[in-house]
Amino acid sequence: MTTIKAEVPDSLYQQVIALAQQENVSIEQLVTRALAAQVSALLTKNYLGQKATQGDWEKFQQVLAKVPDVEPEEYDRL
């Protein structure tokens, strides 16, 4: 494990304390969960951005044109 030392605004720290108490976890656990969630979101955003650059709009349109223009089955409707 690695220790990270960070300065945060007092108002944010007070919110963290309140949330940790509400969730019945330690401040360390709450901050670790929040950091993990944010890192995961950023990694996912970067991954999807990279995949998006590999796409080909023309090929997508060609494939989409092959899809029949029919109403969905009853069980498949929103």
Side-chain angles (χ1 to χ4, degrees):
M1 294 285 265
T2 300
T3 299
I4 297 175
K5 183 177 178 178
E7 292 189 24
V8 297
D10 292 337
S11 59
L12 178 59
Y13 180 66
Q14 293 304 318
Q15 290 175 330
V16 169
I17 291 172
L19 278 172
Q21 290 172 346
Q22 180 182 330
E23 296 296 317
N24 199 29
V25 296
S26 69
I27 293 171
E28 183 178 87
Q29 287 174 311
L30 183 70
V31 170
T32 299
R33 289 180 189 174
L35 182 59
Q38 186 62 40
V39 167
S40 177
L42 291 171
L43 289 173
T44 300
K45 177 181 166 254
N46 292 342
Y47 172 79
L48 292 176
Q50 289 172 347
K51 288 295 183 184
T53 64
Q54 297 171 4
D56 184 318
W57 186 252
E58 285 298 318
K59 286 182 182 177
F60 172 73
Q61 291 296 325
Q62 290 170 3
V63 170
L64 197 58
K66 295 178 183 179
V67 177
D69 187 19
V70 295
E71 290 293 317
E73 298 290 337
E74 187 63 37
Y75 62 85
D76 213 15
R77 295 177 191 258
L78 295 178

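Only this structure's heavy atoms are used, side chains among them; waters, hydrogens and symmetry mates stay out.
Dense packing is recorded around CD of Gln54, with more than 12 heavy atoms of other residues, nucleotides or ligands lying under 6.0 Å away. By the neighbour-count criterion of 12 heavy atoms within 6.0 Å, atom CG of Asp76 is densely surrounded, having more than that number from other residues, nucleotides or ligands. The environment of Gln61 atom CD is dense: over 12 non-hydrogen atoms of other residues, nucleotides or ligands sit within 6.0 angstrom.
Asp56 meets the side chain to side chain contact (heavy atoms under 4.5 Å, CB included) test with Glu58, Lys59; sequence neighbours excluded. Tyr47 pairs by the ring pair (Phe, Tyr, Trp, His ring centres under 6.0 Å) definition with nothing, not counting sequence neighbours. Residues satisfying the side chain to side chain contact (heavy atoms under 4.5 Å, CB included) criterion with Thr44, sequence neighbours excluded, are Ser40, Leu48. Under the side-chain hydrogen bond (donor to acceptor under 3.5 Å, both in side chains) criterion, Glu74 pairs with Arg77, not counting sequence neighbours. In this structure Val39 satisfies the side chain to side chain contact (heavy atoms under 4.5 Å, CB included) test together with Leu35, Leu43, sequence neighbours excluded.
Applying the ring-ring contact (aromatic ring centres under 6.0 Å, His included) test to every pair with at least one member in residues 50-71, sequence neighbours left out, gives these pairs: Trp57-Phe60. Here ring-ring contact (aromatic ring centres under 6.0 Å, His included) pairs that include residues 20-46, with residues two or more places apart or in two chains, number zero.
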Side chains of residues 11-26: which donor-acceptor pairs under 3.5 Å do they make with residues two or more places apart or in other chains?
unit_1, atom_1, unit_2, atom_2, d
Ser26, OG, Gln29, N, 3.0
Ser26, OG, Gln29, OE1, 3.4

